[in-house]
Amino acid sequence: MMSRALKPLFLAAALFVVGLSADAGTIGQAPSVPAASTGTLHLQDILARPDVEVIVPPLPERLDGPAVARHLTERYADTRQDCGADDRPAFLCSGVLFRATVPGPYHTWNPNPASSKGTVSFSWLRQDAKFRTIYTPRYSNGFIFFPSADAERYGYHAMEIVCVYPLDATSDARTDLGCGPMPSHYPAYTRPCAEQGIATGEAWVALYRSGGFICSFDVRIGVPHSATSFRQMGVAMAQLPERFQTTNPGYSYTDELLVRTWPQDIHTTIPIEAFFYQAGTANGPAYAKVDQRDFYQVAGRWVPIIRMTMPATEAEDARFDYLPEDQAVPLPAATARIRWVGTQSSYETPAQPLVADGPTTLHAPRGTVLATLGQPVNVSFVVIDETLPPGDYTSPALPLNVEAAAGSLPPPELAADRSYARIGYPGMLSSDQIWVSYEGNGTHDTPFPKKTAAFNAGIPPSWLGPADRMYYWVKRGERILVSPVVHADGAP
């Protein structure tokens, strides 16, 4: 359906570019350094600015509401016959696989813990397999699964559809995962279709018209020609005008697909693409909001609520619409943070929101870079996007070298109340140009020229921040000397 790509990382101070792409939590493209670059951050460039800029380019399409609505619409209209082979039925890559639900004492996406059937009932909607309502009148909402091909890409739990019916089959009363006969109701005529020699949609409809008997097409993994068997469901549905009847609203004329039961509480790996409600239902929007809020709190992943408008007649098509006002949980912003990892120290910035439709500039404070003087470093950024499954969306490391200073200085001595720092070093000359830098509420550089002995550098209260660091540097002719970076909280 879609791949994840987080593209170039740009270090403005040194003009380095790194390419990054991600698909289901993996990063595919290695960083590159332009030939014109030396691969080194020079000290004079570092000191000329308060930080190193990291520009994250516009993200590709997120799994936000408009994107999900578009994907559902595209898969609904995708009437392919199979997913590339006769043992890969079309439901693996097309159509809309959904489950209608009602509020209950357990998470709505869990299998009913009271059911021993071994499968969970779903419906599948496509332009050539449609019906007028999601289920019986007491159902107004539910959830939609990713097709298996996309679920696998994102690392979600693999779901298996074991059998399908062109109409609801009262599968709770059947044996063999709901795919077998009904022991109490003409078992010879409700056996699986293959056991009765029924291999076509036309033959299925003839059986059904002969006495209301319903049999299943076997499409479980490993069954030969499962794509052909699945196609018969659509062939049969095309000959069942009752799918759009209104005279018996208490009965469901939907199709039924049985998905093998998955474990309870696999919140982070269940392949939910969206919650939905049926347009025109009284309780649907409210119930869908309850489900969306519950899932976000438990799984930590945002999925949209989609308004699903069912076709009233064979000539109409279903609609899938995303409406911001339907959402109980607003779409979280995508954020990113920088990782700056040297051989002796490392730093990670707080997460910052990414611009929706353009590049975003993140900042690695100068002290972070100075703490790695003379070291090789690896620079990367991490994207946090709650529309994606939990995972590590980290760029490849961009290897850089940070130029060493011409000489070293003793660290500043920071007062306990952070009101001043004692600055002093052997051989201080009146011609030395001295800058004291404090990173707290911003980065502040204060020059102290013509010093020949240790002195106190005052720190205004307005400079102080939650994670303060300070250092100083000296320019002596063409030479630059830099002190160690001191953390106000004593951290290394």
Margin query: Between D150 and R153, does any NZ, NE, NH1 or NH2 come within less than 4.0 Å of an OD or OE carboxylate oxygen?
Written below: yes
Salt-bridged, R80 to D82, with N to O below 4.0 Å?
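Not counted as a salt bridge, because no side-chain N and carboxylate O are separated by less than 4.0 Å.
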Pair [X], [Y]: side-chain N/O donor-acceptor within cut-off below 3.5 Å:
X	Y	result
T443	R366	no
S123	E256	no
Y76	D317	yes
E386	Y296	yes
Y277	D326	yes
D86	T228	yes
T261	T119	no
S346	W340	no

Output every pair passing salt bridge (Lys or Arg N to Asp or Glu O under 4.0 Å) with a member in [range], not counting sequence neighbours, ordered by first then second residue.
range	answer
residues 284-310	R307-D321
residues 114-123	K117-D172
residues 230-242	R209-E242

The complete set of disulfide bond (SG atoms under 2.5 Å apart) pairs with one or both residues in residues 218-276, sequence neighbours excluded, reads none
Over 12 non-hydrogen atoms of neighbours within 6.0 angstrom of [atom1] in [X]:
X	atom1	answer
Y186	OH	no
H363	NE2	yes
R337	CZ	yes

*asked:* Under the criterion salt bridge (charged side-chain N to carboxylate O under 4.0 Å, His left out), I'd like the reasoning laid out for R132 against E316: C-alpha separation, chi angles, the key distance, then a yes or no.
replied: CA-CA 10 Å; R132 68 176 304 273; E316 296 181 8; over 6 Å; no
Could you tell me which residues satisfy ring-ring contact (aromatic ring centres under 6.0 Å, His included) with Y156, sequence neighbours excluded, listed by chain and number?
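Y156: ring-ring contact (aromatic ring centres under 6.0 Å, His included) contacts with F146.
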Given the rule in the salt bridge (charged side-chain N to carboxylate O under 4.0 Å, His left out) test, do R220 and D176 qualify, once you have shown the distances and angles that lead to the verdict? CA-CA 12 Å; R220 69 192 78 195; D176 186 21; 3.8 Å; yes
Open item on the list: Using the ring centroid of each side chain, check whether Y165 and W124 are separated by less than 6.0 Å.
Closed with: no
Test log, rule ring-ring contact (aromatic ring centres under 6.0 Å, His included), inputs F295 and F275
CA-CA 10 Å; F295 188 71; F275 293 100; 5.7 Å; yes
Residue pairs meeting ring pair (Phe, Tyr, Trp, His ring centres under 6.0 Å), one or both in residues 79-104, sequence neighbours left out, come to F91-F230, F98-F276
